[in-house]
Number of protein chains: 2
Amino acid sequence: MQRAKTVKRKHHQTPRRPGRPAGRTSNDGVIADREALLDAAERLIRKRGPQVSLDSIAAEAGVTKPILYRGVGDRDALVEALAGRLFMRMLEGLTRLLERAAVPREILRRLVGGYLSLAAEDRNLYLYVTAGGTSDDRLRQSLVLADRAARQFADGITASGAYAATHGTDGTAATVWSYGLIGALHYVALWWLRETTAEVEGVTEHLTALLWSGLSGAQNASPSEP
Amino acid sequence: MQRAKTVKRKHHQTPRRPGRPAGRTSNDGVIADREALLDAAERLIRKRGPQVSLDSIAAEAGVTKPILYRGVGDRDALVEALAGRLFMRMLEGLTRLLERAAVPREILRRLVGGYLSLAAEDRNLYLYVTAGGTSDDRLRQSLVLADRAARQFADGITASGAYAATHGTDGTAATVWSYGLIGALHYVALWWLRETTAEVEGVTEHLTALLWSGLSGAQNASPSEP
DNA sequence: CGATAAATCTACTCGTGGTAAATTAATACC
DNA sequence: GGTATTAATTTACCACGAGTAGATTTATCG
């Protein structure tokens, strides 16, 4: 309601002079409200988009910036934490999608479609978390998603585990496959999250075809529906 | 005088009082030095890494910030221009690599290996250009690279053009394939540019296997060397 | 009751992108 | 040839976001 330029204070809050808060007998729940801070960050990012500042996030949480810093650390730590929560949710969603076994290509199709749909569900959060140049550890964390998704997928292919056959022996192969997979998914998701025109089914179909048959399948098999 | 931390003035330069410069009769070569500014930006990014500021870039070019802005526009425009130059160079390099025709899988292998090697050659510049969340038009520009690379690749597969068979009919398919391809390449490149340990041949081999056979090839064909 | 510790907010610094105002030289006009 | 106007450049500033130091108030312990 108010906020002409920058949000400074949460709507109906008393001005809260500085100093130790009255009433609190000891440090009760110092760790506990980390989740509340992350919740507030998620809420604001959903509402306002991926461009929100730490000041506004703190305001949304009803605290000030130093509290936010004490609770979750610096900006990188915040993004890291939000990415962890988001990726965990996406992973659970994907797992649920794959509960009932299916043929391998159908598994892949569900993975791709699920990834896109789940990213679109948390669009702003997904953009916030994956923006910023995928620096250092962020990328590595997204690999948890890729790796577990790939493992899940491979487990669907064969009981013996084709994934372990390739990923288990050679660490480089595992990493390359994970990065390649997540890169393809992520870039297609980035594009699709901007284009509201294309419907998810077609995109899923095309990407699944590419990931399934690879480029060797480009000669005879068109990725479009027959 | 100036700051100890950030370079403010190029080493041996005269202080240059403000005002219109003496000697220049009219605006000669206003457009011409845009390339010189971009050269300076490239030089400094190569030297100092992808974290350089616009101030330091202007200093490297021997001009001041407003001149830089007049010459190339804002930061996004600078990145755009540098990305255009880099991708053009990479595309030329890839084209040279594919001049002598080969079997399709070998073509793909050269594409992947060439992409990685060329990115590593301009490592800092590649990171500078692809950092920043791949927002909006940057991503679209990298598609020129992906699209032309894919076209080149497809032309190698069949003379009739498998690329046209899929890309020509359905625009969505073309876009999805391009984004997926460039995403896989870029993410693997990002990882590999950090890991100095892995040699390019192995990474190329694994990624080529993934892109060629797709995930359906994971059951029987291991991506590692037989 | 007084001193110390804890917890919080205010107010600042610092760096960076971006721009307006000041400054100087060239050019046009009489 | 002298003066006003215009072009080109630098300086100095603004806005804004991340991160932190210090002021401020309350609880707790002697």
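By convention in this document, chain letters (A, B, ...) are assigned in the order of the sequence lines, proteins followed by strands, and residues within each chain are numbered from 1. All heavy atoms count here, side chains included; hydrogens, waters and symmetry mates do not. A quick note: this is a predicted structure, and the numbers were derived from the prediction, not measured.
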Can you tell me how far C1' of C/dG17 sits from OH of B/Tyr128, to the nearest Å? 11 Å
Any idea how A/Tyr126 and A/Tyr115 line up, ring-wise: parallel (<30°), tilted (30 to 60°), or perpendicular (>60°)? perpendicular
Test of understanding: with salt bridge (charged side-chain N to carboxylate O under 4.0 Å, His left out), list the residues that count as partners of A/Asp74, not counting sequence neighbours. none
Can a side chain N or O of B/Thr64 be found less than 4.0 Å away from OP1 or OP2 on D/dT9? no
When you check the side-chain N and O atoms of B/Thr175 and B/Ser178, is any donor under 3.5 Å from an acceptor? no
What is the separation between atom CD1 on B/Ile57 and atom P on C/dT16, rounded to the nearest whole Å? 11 Å
Using only side-chain N and O atoms of B/Arg70, determine if any of them is under 4.0 Å from OP1 or OP2 of C/dT19. no
Taking the side chain as every heavy atom from C-beta outward, state whether B/Trp191 and B/Val203 have any pair of such atoms under 4.5 Å apart. yes
Who passes salt bridge (charged side-chain N to carboxylate O under 4.0 Å, His left out) against B/Arg109, sequence neighbours left out? B/Glu106, B/Glu205
Apply the side chain to side chain contact (heavy atoms under 4.5 Å, CB included) test between A/Leu38 and each candidate in A/Leu78, A/Ile57, A/Asp33; give the one that qualifies. A/Leu78
Out of D/dT10, C/dG17, C/dT8, whichever nucleotide has its closest atom nearest the side chain of B/Ile67: D/dT10
Short heteroatom pairs, N/O only, protein and nucleotides 19-21 of chain D, under 3.5 Å:
from, atom 1, to, atom 2, distance (Å)
D/dG19, OP2, A/Tyr69, OH, 2.9
D/dG19, OP2, A/Arg75, N, 2.9
D/dG19, O5', A/Tyr69, OH, 3.3
D/dG19, N7, A/Lys65, NZ, 2.9
D/dG19, O6, A/Lys65, NZ, 2.5

